[in-house]
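Heads up, the thing below is written out as C-alpha cells.
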Protein chains: 2
Amino acid sequence: MTKQRKLIDDIIQKNPHITAEDIFLKAKQIMPSIALGTVYRNLGIMARENEILKIPVANGADRYDKTTKPHDHALCTVCGTMKDIPETNIKELLEERLNMKISSYNLNIYFQCPKCLKEQKIKI
Amino acid sequence: MTKQRKLIDDIIQKNPHITAEDIFLKAKQIMPSIALGTVYRNLGIMARENEILKIPVANGADRYDKTTKPHDHALCTVCGTMKDIPETNIKELLEERLNMKISSYNLNIYFQCPKCLKEQKIKI
DNA sequence: TTCAATGCAAAATTTTTGCACGCTA
DNA sequence: TAGCGTGCAAAAATTTTGCATTGAA
C-alpha cells in the first residue's frame with residue numbers, strides 16, 4: 001500500500017461515483033507529482049481486489065465507487081450526477097428466471113434529476 | 001438514404017449486436033471505398049432516429065442492434081458473444097418503484113456461455 | 001447547380017503500457 | 001540491493017470532427 005494508493009482510496013471514500021480523471025485532479029492538489037497512469041493502475045488493482053467497484057458508464061468515463069457490492073445507478077442526463085438506486089435484486093431475479101450463474105452485471109438508468117428538471121422549466 | 005447508409009443497415013439486420021469496427025470491415029468487402037467515419041456518422045444518425053439501437057458495453061466497443069426497443073443483453077466474458085435476454089420489464093418495475101420517469105436504461109449481464117464453459121472444462 | 005453526405009485525416013477521449021528511475025523492505 | 005511501484009510519455013482503442021470533394025436531385 002503506497003502513499004498514492006492510500007490517497008486514491010481516500011478520495012473515493014469521500015467521493016463515491018467519481019471518475020479517474022477527477023480522482024487524478026483531486027490527488028494532484030495533495031500530491032502534485034502523482035501521474036494519471038498511477039491512478040489508473042491503482043484503480044485497476046483495487047477493483048480487481050474488490051476494494052472498490054468500477055462502474056462503466058455509457059458515453060463517458062467509468063466511475064469508481066466505495067460500495068463494492070454490485071448495485072444499480074441512476075445518472076442525470078443533464079448534469080451527469082450519479083446516485084445509487086435502492087436495492088433491486090435484479091441479479092437474483094435474472095439468475096432464477098434465466099437459470100444461469102451471472103458473474104457480474106451492470107444496470108444504469110438515465111433520467112433527468114429533479115434539480116435539472118426544475119432549472120429547465122425556468123429556462124423555457 | 002445513401003448507398004452507404006443502406007449497406008450499414010443491411011449489415012446490422014443480418015448481424016445484430018455487431019460493433020462499428022466489424023460493420024466497417026463487412027462494408028469494406030462490398031464497398032471498399034467506405035470510410036470508418038461514414039459508418040460512425042450513419043450509426044449516430046440511425047440511432048438518433050430510432051432505426052437501430054446502440055448498446056454500450058463495459059470495456060469494449062458499442063454494439064448496434066436491429067431491435068430498437070430497449071431490451072437487455074447477456075455477454076459472454078470469454079468469447080464476447082452477445083445475446084438478447086427475454087423481456088424483463090425492469091424499466092416499468094423501476095419507474096414504479098422509484099416513482100420517476102426513466103428516459104433510457106441499460107442492463108448488461110456478464111456470464112460464461114455454455115459453449116465456453118464446456119471448453120474451459122476440457123482445458124482444465 | 002446545389003447541398004447534403006462522403007472519404008480522409010486529424011483530433012478528442014479514455015485507458016493501457018513500456019521504460020527508466022526511485023523508494024522501501 | 002532487489003524488486004515493486006512510480007512518473008512520464010507514447011500508444012492503443014474507440015469515437016468524433018473539420019474540410020475539401022463528390023454525387024444525386
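Here is the naming used below: chain letters follow the sequence lines, and residue numbers restart at 1 for every chain.
A donor atom on one side chain and an acceptor atom on the other are found under 3.5 Å apart for A:K54 and B:N59. For the 3.5 Å distance criterion, the side chains of A:D72 and A:Y105 qualify, holding a donor opposite an acceptor.
Put simply, CD1 on A:I109 and CE on A:M82 are 10.5 Å apart, with the number rounded to the nearest 0.5 Å.
Along DNA chain D, the nucleotide closest to A:T38 and the one closest to B:G60 are compared, and the more 5′ of them pairs with A:T38.
Between the CE atom of B:M1 and the P atom of D:dG23 there is a distance of 20 Å, given to the nearest Å. Nucleotide C:dA10 holds its P atom 18 Å from the OH atom of B:Y40, rounded to whole Å. Atoms CG (A:L7) and P (D:dG7) sit 10 Å apart, rounded to a whole Å. The CZ atom of B:F24 sits 13 Å away from the C1' atom of C:dA9 (whole-angstrom rounding). Nucleotide C:dC8 holds its C1' atom 16 Å from the CE atom of B:M31, rounded to whole Å. Regarding B:R63, its CZ atom lies at a distance of 11 Å from the P atom of D:dT14, rounded to whole Å. Nucleotide C:dT15 holds its C1' atom 8 Å from the OH atom of A:Y64, rounded to whole Å. Going from atom CD of B:E21 over to atom P of D:dA13 covers 10 Å, rounded to whole Å.
Checking C:dG7, D:dT15, D:dG7 against the side-chain heavy atoms of A:Q4 singles out D:dG7 as nearest. Listed candidates were D:dT16, C:dG7, C:dT15. Nearest to the side chain of B:R41 is C:dG7. When each of C:dT15, D:dG7, C:dG7 is scored by its nearest atom to the side-chain atoms of A:D62, the top-ranked nucleotide is C:dT15.
The side chain of B:T2 places an N or O atom within less than 4.0 Å of a non-bridging phosphate oxygen (OP1 or OP2) of C:dT6. The side chain of B:K3 places no N or O atom within less than 4.0 Å of a non-bridging phosphate oxygen (OP1 or OP2) of C:dT6. OP1 or OP2 of C:dT6 has at least one side-chain nitrogen or oxygen of B:N42 nearer than 4.0 Å.
Within the nucleic acid shown, B:I34 comes within 4.0 Å of sugar-phosphate atoms alone, with no base atom in reach, counting heavy atoms only.
The aromatic rings of B:H17 and B:H73 sit perpendicular, their planes meeting at an angle over 60°, well past the 30° parallel limit.
Under the 4.5 Å side-chain criterion, counting only non-hydrogen atoms from C-beta, A:T19 is not in contact with A:D62.
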